[in-house]
Protein chains: 4
Amino acid sequence: MTDEKEQWLVDLLRRLEDDDGKKTEKQIRIIEAAVEVFSEKGFAAASTSEIAQRAGVAEGTIFRHYKTKKDLLLSIAGPVAAKLFAPFLMRDFARLLELPYDRVEDFLRAILRDRLEFARKNMKLIKILVHEVPFQPELLAQVKELFTHIVVTRVEKAILHFQAQGVLKEIPPWRVIRSTVSQFVGMIVFHVFLAPDFPFDEEEEIERTVDILLHGIAGRPS
Amino acid sequence: MTDEKEQWLVDLLRRLEDDDGKKTEKQIRIIEAAVEVFSEKGFAAASTSEIAQRAGVAEGTIFRHYKTKKDLLLSIAGPVAAKLFAPFLMRDFARLLELPYDRVEDFLRAILRDRLEFARKNMKLIKILVHEVPFQPELLAQVKELFTHIVVTRVEKAILHFQAQGVLKEIPPWRVIRSTVSQFVGMIVFHVFLAPDFPFDEEEEIERTVDILLHGIAGRPS
Amino acid sequence: MTDEKEQWLVDLLRRLEDDDGKKTEKQIRIIEAAVEVFSEKGFAAASTSEIAQRAGVAEGTIFRHYKTKKDLLLSIAGPVAAKLFAPFLMRDFARLLELPYDRVEDFLRAILRDRLEFARKNMKLIKILVHEVPFQPELLAQVKELFTHIVVTRVEKAILHFQAQGVLKEIPPWRVIRSTVSQFVGMIVFHVFLAPDFPFDEEEEIERTVDILLHGIAGRPS
Amino acid sequence: MTDEKEQWLVDLLRRLEDDDGKKTEKQIRIIEAAVEVFSEKGFAAASTSEIAQRAGVAEGTIFRHYKTKKDLLLSIAGPVAAKLFAPFLMRDFARLLELPYDRVEDFLRAILRDRLEFARKNMKLIKILVHEVPFQPELLAQVKELFTHIVVTRVEKAILHFQAQGVLKEIPPWRVIRSTVSQFVGMIVFHVFLAPDFPFDEEEEIERTVDILLHGIAGRPS
DNA sequence: GATGAATGAGTTTTCATTCAT
DNA sequence: TATGAATGAAAACTCATTCAT
């Protein structure tokens with residue numbers, strides 16, 4: 001990994017932490033209210049006056065902290081994009097390659113468990129991000145940049161490593177990524193967004209999902 | 001299948017066909033323009049005046065045909081929801097159960113091929129549907145109703161049938177559905193929406209995707 | 001009475017009768033619907049499309065018969081104004097002066113009875129007239145012209161005649177007119193518009209009202 | 001009078017006074033402009049843009065103070081309804097019953113004088129009220145409630161009291177009320193609305209009107 | 001004569017943003 | 001820093017009127 005890329009990562013992580021610091025109480029209330037309203041009605045249909053009302057501040061106060069309504073959106077949705085990919089940015093991720101090869105399943109389970117938890121805690125933020133990405137070029141660029149960066153610098157390497165060990169099929173890495181993301185996203189969307197009341201044993205769910213990802217849904221030809 | 005359910009299906013299909021009939025030329029231009037603008041900016045951020053302009057009609061003309069802007073949206077997004085599930089409503093689908101058991105892969109490929117084609121032809125409509133469903137209770141209800149109906153009356157039966165034949169693993173049907181939908185949606189989203197310029201051999205893509213769905217991404221422990 | 005004035009009266013009466021002749025069935029339905037809608041919502045708040053709908057004709061049909069919406073109003077409200085004053089225009093009215101002086105009460109009763117009946121049969125039309133007169137200069141002029149004409153040419157003469165006979169107090173005729181109109185209008189408004197369900201013996205009501213007009217509400221100082 | 005009723009009265013009077021307090025200058029200008037335009041064209045035909053223009057404010061400003069155009073109307077017409085009946089709500093009114101019986105005429109004169117003055121000062125407001133009451137159920141209900149309340153709790157008692165003293169004829173109170181209202185309204189409508197330029201000696205006018213009300217228009221049979 | 005789709009000017013209403021306090 | 005009244009541009013929607021059929 002080049003110095004430049006390391007720097008980028010360090011900056012990002014620092015920004016994410018700053019995020020929660022140095023904010024007045026009103027600013028926090030504004031963000032919270034904005035998250036609520038944006039996720040309920042969508043960005044375009046949300047009105048700053050409703051946000052102000054729910055935050056218990058004057059309309060003008062919003063514009064003291066955020067130049068425009070879109071600024072407010074970006075200050076909310078931007079960090080989520082980064083946090084979404086955070087696990088892959090952590091130094092821990094690199095150690096993955098040192099794992100004994102038969103622990104890959106554990107790793108996939110850990111990732112899924114972590115992102116499921118994250119999605120549950122950040123439902124509204126994720127809803128906002130997903131809905132606004134297609135309409136906000138800045139967000140789209142940010143997400144693409146993050147995703148590409150991560151995939152290129154880390155995930156792809158890991159996949160190739162596991163393929164060399166024979167743990168994964170010899171198929172193009174992007175296909176592995178796509179399938180994994182598909183299964184994981186499908187599982188998370190179902191449990192968090194579509195059927196949040198569906199009762200389930202989380203650990204078993206995770207295990208089954210990883211199992212299907214690895215071994216498919218076909219029966220064993222006897 | 002009960003008569004009542006058959007009737008529902010017949011009604012729906014007829015409605016879908018009527019859809020394209022008996023429309024004045026201006027009405028068609030309005031719909032086309034609305035699809036464009038809605039998919040570009042999202043429903044809330046789209047203005048009826050821009051739609052009118054692109055359709056080359058007076059703004060009032062829109063409101064002669066559609067009582068409100070939301071009416072216009074629903075008249076566009078409603079049918080898409082139905083068409084999205086159309087293949088499962090066709091009589092042909094029932095014949096699936098008569099297939100020789102080793103042809104299940106062919107069937108999955110056919111479905112994926114068909115929906116990929118549909119997505120490509122209806123990109124904008126699907127984008128609109130997906131984006132507005134969470135904000136329009138009417139749409140949500142419609143989609144849920146369709147999905148539930150189809151799953152309950154048809155797909156589940158097919159899955160149980162194939163499981164009895166040993167073609168599919170003995171896991172809860174909803175898990176089969178979720179995994180299949182996840183893989184298929186992931187593949188379609190990637191090729192149609194995220195990377196439409198990615199060069200690929202469609203038939204191979206389909207085959208690989210079905211293969212991963214059925215047999216997973218794990219390597220063969222030699 | 002001068003020839004000119006006689007001519008005016010003759011013209012008016014003829015016009016009133018023509019009114020109901022030579023009208024197509026659709027025209028009649030339009031008028032009826034317009035009366036309904038105008039009286040329910042007021043002229044300005046009434047829409048031609050609602051009138052067309054209630055009349056069961058196409059919107060364009062209204063404009064084939066009436067150049068503008070206001071035209072439609074005037075064709076409805078104008079005649080009512082004339083009919084409102086009709087009794088004073090009739091030849092019979094002139095004979096009033098030949099009545100024995102002690103029959104004045106009978107005459108007042110007859111007028112009140114007649115106008116009460118008229119109001120009951122033309123509630124909606126009168127409502128329209130009253131509400132639109134202040135906003136439609138043409139109507140206002142028409143009403144003023146009619147009222148002045150009648151008062152000057154007929155009623156005033158009658159009052160002076162009765163005063164000469166000692167049947168009426170020696171007060172300015174306009175004061176007699178005002179008091180009479182006030183009492184009569186008050187009575188009609190009450191029974192027809194304000195409390196149409198108030199049960200009452202019409203003949204007694206009329207008698208009492210005329211009695212109060214003539215002799216007041218004061219008790220007899222014993 | 002029960003406590004509850006007293007409370008109602010107190011509330012109403014306080015509301016009427018508040019009415020003129022705590023209003024920004026722009027708000028006052030909006031009200032004034034609205035009164036002008038509503039009285040000139042009627043509510044439905046008045047446009048908020050004209051009101052804004054005459055008030056010298058932006059159109060949006062109107063809607064900051066009044067949620068809808070109808071809100072603006074009600075905030076204007078509502079209080080008028082109350083003020084119209086105010087004299088009967090005052091504590092002074094109760095003292096009427098203590099007057100020497102031969103002062104009833106003075107009392108009627110005072111009422112008439114007061115309401116004549118009120119009408120002159122509030123021509124436009126009264127015009128608006130009268131014209132909109134039939135089309136705004138809220139207003140109608142308010143007026144009915146006020147009128148009924150007053151009549152039942154106060155006026156009727158006074159009439160019975162005077163009848164017991166022999167000052168008024170033994171006729172049903174509602175008939176006394178109707179005749180009085182008719183005569184007074186007739187007089188006020190004439191002098192304020194129909195013929196505002198008619199030159200007259202106000203005191204004499206009032207006296208004559210009360211005289212006719214009390215003793216009628218019949219001549220003294222000599 | 002009758003229709004009803006189309007118009008476009010006008011209406012009420014919303015709302016992000018500014019600014020004096 | 002915070003406020004909230006004020007703005008005005010733009011939004012959704014209405015409707016009397018026209019005109020080709």
Side-chain angles (χ1 to χ4, degrees), chain A residues 24-27 30 43-53 55-73, chain B residues 23-27 29-30 44-52 55-72, chain C residues 24-27 29-30 43-53 55-73, chain D residues 23-27 29-30 43-52 55-72:
Chain A
T24 76
E25 189 234 339
K26 296 215 171 192
Q27 221 168 333
I30 288 170
F43 172 72
S47 85
T48 51
S49 88
E50 184 174 357
I51 294 169
Q53 223 172 325
V57 303
E59 279 207 63
T61 308
I62 292 177
F63 290 91
R64 182 151 296 283
H65 294 287
Y66 305 90
K67 237 163 63 75
T68 67
K69 187 184 158 194
K70 191 185 268 187
D71 250 41
L72 178 55
L73 170 69
Chain B
K23 277 216 183 85
T24 77
E25 187 233 340
K26 300 221 168 189
Q27 220 169 333
R29 290 221 310 273
I30 288 170
S47 86
T48 50
S49 88
E50 183 174 357
I51 294 170
V57 303
E59 212 172 338
T61 307
I62 292 177
F63 291 93
R64 169 159 288 278
H65 293 289
Y66 305 91
K67 246 164 64 74
T68 65
K69 187 183 155 192
K70 189 185 268 185
D71 247 42
L72 178 54
Chain C
T24 76
E25 189 234 338
K26 296 216 169 188
Q27 219 168 336
R29 290 220 311 272
I30 289 170
F43 172 71
S47 84
T48 50
S49 86
E50 184 173 357
I51 294 170
Q53 222 172 324
V57 302
E59 280 207 66
T61 309
I62 292 176
F63 291 91
R64 182 151 296 283
H65 293 288
Y66 305 90
K67 235 163 64 76
T68 66
K69 186 183 159 194
K70 191 184 266 185
D71 249 41
L72 177 55
L73 170 69
Chain D
K23 277 219 182 80
T24 78
E25 188 234 340
K26 299 222 169 187
Q27 218 169 336
R29 290 220 311 272
I30 289 169
F43 172 71
S47 86
T48 51
S49 86
E50 183 172 358
I51 294 170
V57 302
E59 214 172 337
T61 307
I62 292 176
F63 291 92
R64 168 157 289 278
H65 293 289
Y66 305 91
K67 245 164 62 75
T68 65
K69 187 182 155 193
K70 190 185 269 185
D71 246 42
L72 177 55

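None of the values given here were measured: they were computed from a predicted structure. Letters go in sequence order (proteins before strands), and every chain restarts at 1.
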Margin query: Just the rounded figure in Å: distance from P of F/dC13 to CD1 of B/I51.
Written below: 11 Å
Checklist line | Base versus backbone protein contacts along nucleotides 12-21 of chain E [heavy-atom cut-off under 4.0 Å; B, S, -] | finding: BBB-BBB---
Next item on the list: Give the rounded distance in Å between these two atoms: CD1 of A/I30 and P of F/dT1.
Entry: 12 Å
Note to self: Here's a test of your reading of the structure: between A/V57 and D/A58, which maps to the more 5' nucleotide of DNA chain F?
What the structure shows: A/V57
Next item on the list: Would you indicate which nucleotide in E/dA2, F/dT3, F/dT7 comes nearest to any side-chain atom of A/K26?
Entry: F/dT3
Notebook entry, point to check: CD of C/Q53 versus C1' of F/dC15: gap in Å, rounded?
Noted result: 13 Å
Item checked: Watson-Crick/G-U partner (both atom distances under 3.5 Å) of F/dA20 -> E/dT3
Notebook entry, point to check: When the distance from CZ of B/R29 to C1' of E/dT7 is rounded to whole Å, what number comes out?
Noted result: 14 Å
Check: Who does F/dC13 pair with, Watson-Crick or G-U, both distances under 3.5 Å?
Finding: E/dG10
Notebook entry, point to check: Please give, in whole Å, the distance from F/dC13 C1' to B/D71 CG?
Noted result: 13 Å
Notebook entry, point to check: So, for A/K70 and A/F43, which heavy atoms are closest and what is the spacing to 0.1 Å?
Noted result: CA-CZ, 3.7 Å
Checklist line | Test salt bridge (charged side-chain N to carboxylate O under 4.0 Å, His left out) applied to B/E59 - qualifying residues, sequence neighbours left out | finding: none
Note to self: Is B/H65 close enough to E/dA6 that one of its side-chain N or O atoms is under 4.0 Å from OP1 or OP2 there?
What the structure shows: yes
Note to self: Which heavy atom of D/Y66 sits nearest to which heavy atom of D/I30, and what is that distance?
What the structure shows: CE1-CG2, 4.3 Å
Next item on the list: Enter the distance from D/T24:OG1 to D/H65:NE2 here, rounded to the nearest 0.5 Å.
Entry: 4.5 Å
Notebook entry, point to check: Hey, are the side chains of D/L72 and D/T48 touching, using non-hydrogen atoms and a 4.5 Å cut-off?
Noted result: no
